[in-house]
Chemist: 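Could you have a look at this structure, given as structure tokens, before my questions?
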Amino acid sequence: MLFEDPSPLLTGLNPEQAAAVTLPPEHALILAGAGSGKTRVLTTRIAWLLQSGQVSPGGVMAVTFTNKAAKEMMTRLSAMLPVNVRGMWIGTFHGLCNRFLRAHYQVAGLPQTFQILDTQDQLSAIKRLCKQHNVDDERFPPKQLQWFISGCKEDGHRPRDVVVRDDETRRKVEIYQLYEEQCQREGVVDFGELMLRSYEVLRDNDPIRVHYQRRFRHILIDEFQDTNRLQYAWIKMFSSPPIEGLPPSGNAVFAVGDDDQSIYAFRGARVGNMADFVREFQVRHQIKLEQNYRSCSNILNSANELISHNSRRLGKNLRTDAGEGELVRVYEAASDFAEAQWMVDEMKQLERDGLPRSEIAVLYRSNAQSRVIETALFNAGMPYRVYGGLRFFERAEIKHALAYLRLLENPHDDTSFLRVVNFPPRGIGARSIEQLQDVARVSGCSLHDAVSGVTGRAGVAIGNFVALLDVMRERTEAMTLREIIELVLDKSGLIEHFRAEREGEDRVENLEELVNAAESFVMQEGFGRDAVALPVDEQGAPLTQSPVSQGLDPDAPVLNESLAPDAETGETLSPLVAFLTHAALESGDNQAQAGQDAVQLMTVHAAKGLEFDAVFITGLEEGLFPHENSMSDRDGMEEERRLMYVAITRARKRLYITHAQTRMLHGQTRYNLRSRFFDELPEACLKWLTPKAGAPMTSSWSGQRAGSHGGGAQPAWSPGWLSGAQAPAPAPEPDRGTDIRSGMKVFHTKFGEGKVLAVEGAGADARAQVNFPRHGVKWLALSVAKLTPVTD
DNA sequence: CGTACCGCTTTTTTT
DNA sequence: AAGCGGTACG
């Protein structure tokens, strides 16, 4: 029996990992620290369950947050076992919800071909709604409404569930209600709706719920600390927590998470789900993975020390066998410009020492910081890749093309209709569209159906547009996906339009790339191959007697692939619908300058789950990191600290933490204090490449010439295996009309000599923070206080 | 109807 | 600085 020989899978696992992998089929919580082999444990657990015959592929559900993580899991799993990963439900929350809703579209009250709104689509749908209902967008900004609606859904609230205490909320709920009606009318579903709708189907349909509860014996969840209320409730539907007096549902939830890496509270994630899970599911197995396989101890101890400043932790301390390694390097630059320059020089050295560029990462708190760094890298001719920003399917030209495609499938999709009715421009202006919307509102139909009611020139112009769509629909009926897209790009005039545009070159290329994307999608999803997937029971055997197919909902079999033919009718979801779904759920890669060995630039958020030999964490300044918008409350501050914890733990061998005295932000020069996080790192693990200046508690200022004289400070030491340290390029120091700068030694008639810690504001408002040895730290208005620079 | 210009805002992000 | 939305003008 396979059960007796599971060892090959377990070799190389440490005792905790092995224990986690081989837990009995009961609920479990794995606290997996950064770099502790979390993904390995997760995939090995699945492989072990399958190999030991405890479950068949059809009985496994594994949920992740990103498509990348889901793919990674499938890849590693198929490397471990010869198993058909497609038989399993492995995917993102939203991907699985989509799969579920396509199968149960009737019960869910949706058209089978429902389209998915991404964040942009959702916002424009809300704007349109507000205009139509004369909502004051001063009092109710669409962005805020979007946030409100998404928030409600994340908490599992329909409009009627929202507790209304004031008029403002009452109005918001009304708009929420109207928005729902609009989406329903148009046959579209936003991301929150995917989750909420499938949750409700499970909650309100006993046979369906029981079916899935019986089917999925093992439910595994990655990044559990990032789940929101609704996702947790959704999981509960698949596996009811034990109820007094009732037999347990008999399946096991295996949750893996790290409370210290919870960095998405700002979008509704609830770390508290971990504690709730333990309590509500009466979890008896909790395993901590504290052995770190990634970083040297100086890096790891820094992370440990930093995160220990947070309260409300579940408690965990990572350890490593990797040895001390190098000290964490701290660098203070005169400006953001100098910071970038210095990093580039340092990178060149790393490169000379044989480190591949792809093993170097630059992390920052916010995207706006990438610009200076990009410029410096570009000027130095150093290849780099920026993560974040617009992804392929989010580009305007691609969204236009997709809108045409969506209209072929569903003419009543008003969001798509409005996006392209006058794009490329065809003489249909705001006035005409208003007329059309009026007709549609009066007769309660879609814009498409309202055309006949519009008279005059506008009626003709819009009529032509609708006719164009109808012709396209007709002509593409029997076409392959590739042909459909090519025809749409041509007949819509999109390609022609961008060709004529001066800077439209890239856009044309992107549109052509869309054809390739479709082509490779078709290949991957295996059209033409026999992708028949029959509903299966928990043993993986064909499911013919399940309550679901037993008459309750004969048209809603369990699809195993989005493109699989319907088991009952043989009907397939068209390749076009499948592709559109794919486009909405997987927004595609960012600017893939792939292939080239390049330095990696990204926000700290985007770096979660990744690791690099050398990491630069930049802009460690009060107001930036921690971000000013997070500094008001303790929860925000603790999330910033976790963010820094995530950043630190990305590094394997070498870690740099940098900050700048001045920085351009929103077109203004800002003078930031060094981040408080520096004071929360263990001094013994740090190496200050520039003098540690301005610490309020130290008196080490005297006699040191720190900071910006002549731009950029000299490293105070010779770096270890980096032979010659690069002298930083001089920072440009625009004349600000005052000579007082951070790092300077100044003289005050009353307080004597002191050291300038920071300068803020400009002109008459300029003030400086100065540390006087006898009188402590003071803020002084430069227009009032007489400060004279002291040159030693 | 379409274009040009002015003024306002600005975290983090996946689906 | 830069992108987006609103307004004014051709």
Side-chain angles (χ1 to χ4, degrees), chain A residues 63-70 91-98 116-124 127 131 137-138 141-143 147 150 153-154 189-196 198 222-223 226-228 230-231 262-269 336 363-372 375 387-391 393-394 396 422-434 457-458 461 581-588 590 602-609 619 623-632 636 639-640 642-644 646-647 663-670:
Chain A
V63 201
T64 64
F65 273 85
T66 64
N67 291 300
K68 202 175 146 201
T92 63
F93 276 103
H94 295 87
L96 296 182
C97 285
N98 172 60
I116 299 164
L117 299 185
D118 68 14
T119 315
Q120 287 176 41
D121 300 331
Q122 187 188 28
L123 186 62
S124 63
K127 282 181 183 164
K131 227 170 232 160
D137 59 1
E138 297 270 288
K143 273 248 176 70
W147 189 77
S150 304
K153 292 191 181 184
E154 277 160 11
V189 165
D190 63 39
F191 288 131
E193 189 68 27
L194 279 174
M195 287 291 325
L196 184 51
S198 38
D222 193 13
E223 308 275 17
D226 288 336
T227 52
N228 60 37
L230 178 57
Q231 285 158 339
S262 156
I263 54 175
Y264 287 111
F266 73 93
R267 67 171 196 214
D336 50 350
L363 310 184
Y364 33 81
R365 176 66 179 82
S366 63
N367 278 310
Q369 288 169 252
S370 77
R371 189 164 221 95
V372 209
T375 311
Y387 287 77
L390 270 197
R391 276 171 307 226
F393 287 114
E394 289 166 359
N422 195 35
F423 196 94
R426 42 175 78 89
I428 302 170
R431 206 48 189 278
S432 309
I433 291 168
E434 239 167 69
R457 246 205 323 252
T581 302
H582 167 80
L585 288 179
E586 296 194 38
S587 30
N590 318 83
M602 65 193 85
T603 63
V604 180
H605 282 93
K608 188 166 162 202
L624 199 69
F625 199 177
H627 197 279
E628 53 196 345
N629 296 1
S630 304
M631 291 183 3
S632 51
E639 181 146 315
E640 294 291 308
R642 290 193 294 270
L643 203 48
M644 184 60 187
V646 168
R663 183 175 296 277
M664 285 291 278
L665 199 64
H666 311 322
Q668 279 187 325
T669 307
R670 302 230 320 207

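What you see below is based on every heavy atom in this structure, not just the backbone, and it leaves out hydrogens, waters and symmetry mates. Letters A, B, ... are given to chains in the order of the sequence lines, protein chains preceding strands, and every chain is numbered from 1.
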Chemist: So do the side chains of A:T92 and A:F65 get within less than 4.5 Å of each other, counting heavy atoms only?
Modeler: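 No, every pair of side-chain atoms sits at 4.5 Å or beyond.
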Chemist: Identify each atom pair where a protein N or O and an N or O of nucleotides 5-8 of chain C are less than 3.5 Å apart, giving names and distance.
Modeler:
residue	atom	partner	partner atom	Å
C:dG5	OP1	A:K127	NZ	3.1

Chemist: Are any side-chain N or O atoms of A:D226 and backbone N or O atoms of A:A269, one a donor and one an acceptor, separated by less than 3.5 Å?
Modeler: no
Chemist: So A:N367, base contact, sugar-phosphate only, or nothing? Heavy-atom distance under 4.0 Å.
Modeler: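 Here A:N367 touches the backbone only, sparing every base.
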Chemist: Run the ring pair (Phe, Tyr, Trp, His ring centres under 6.0 Å) test against A:H605 and tell me which residues pass, sequence neighbours left out.
Modeler: A:Y264, A:F266
Chemist: Looking for any heavy atom pair under 4.0 Å, which part of the strands does A:Y264 touch: base, sugar-phosphate only, or nothing?
Modeler: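 Here A:Y264 touches the backbone only, sparing every base.
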Chemist: Indicate, with a heavy-atom threshold strictly under 4.0 Å, whether A:F65 touches base, sugar-phosphate, or nothing.
Modeler: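 Sugar-phosphate, no base atom in range.
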Chemist: Does A:K127 have any salt bridge (Lys or Arg N to Asp or Glu O under 4.0 Å) partners at least two apart in sequence or in another chain, and if so, which?
Modeler: none
Chemist: Can you sort out the partners of A:E639 under salt bridge (Lys or Arg N to Asp or Glu O under 4.0 Å), two or more places apart, ordered by chain and number?
Modeler: A:R642
Chemist: Let me spell it out: for each of A:I428 and A:H666, pick the nucleotide of DNA chain B with the closest heavy atom. Which residue's pick is nearer the 5' end?
Modeler: A:I428
Chemist: When we call it a touch if two heavy atoms are under 4.0 Å apart, what does A:S432 touch: a base, just sugar-phosphate, or nothing?
Modeler: sugar-phosphate
Chemist: Touch check for A:R431, heavy atoms < 4.0 angstrom, all strands: base, sugar-phosphate only, or nothing?
Modeler: sugar-phosphate
Chemist: Take A:R426 and A:N629, find for each the nucleotide of DNA chain B with the closest heavy atom, and name the residue whose nucleotide sits nearer the 5' end.
Modeler: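 Nearest nucleotide further toward 5': that of A:R426.
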Chemist: A:D336 versus A:Q369: any side-chain heavy-atom pair under 4.5 Å?
Modeler: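 A:D336 does not reach A:Q369 side chain to side chain.
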Chemist: For A:D121, which residues count as a salt bridge (Lys or Arg N to Asp or Glu O under 4.0 Å) partner, sequence neighbours excluded?
Modeler: A:K399, A:R406
Chemist: Under 4.0 Å between a side-chain nitrogen and a carboxylate oxygen: does that hold for A:R391 and A:D118?
Modeler: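 Result for this pair is no, no salt bridge flagged.
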Chemist: Quick one: do the A:E154 and A:N228 side chains pair a donor with an acceptor below 3.5 Å?
Modeler: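 No - no donor-acceptor pair under 3.5 Å links their side chains.
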Chemist: When all nucleic acid strands are considered with a 4.0 Å heavy-atom cut-off, which category describes A:N67: base, sugar-phosphate, or nothing?
Modeler: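 Touches sugar-phosphate only.
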Chemist: I'd like the 5' and 3' limits of the part of DNA chain B contacted by chain A, with heavy-atom contacts below 4.0 Å.
Modeler: B:dC1 to B:dT15
Chemist: Identify whether any heavy atom of A:N422 sits under 4.0 Å from a base atom; if not, whether one sits that close to sugar-phosphate; answer base, sugar-phosphate or nothing.
Modeler: sugar-phosphate
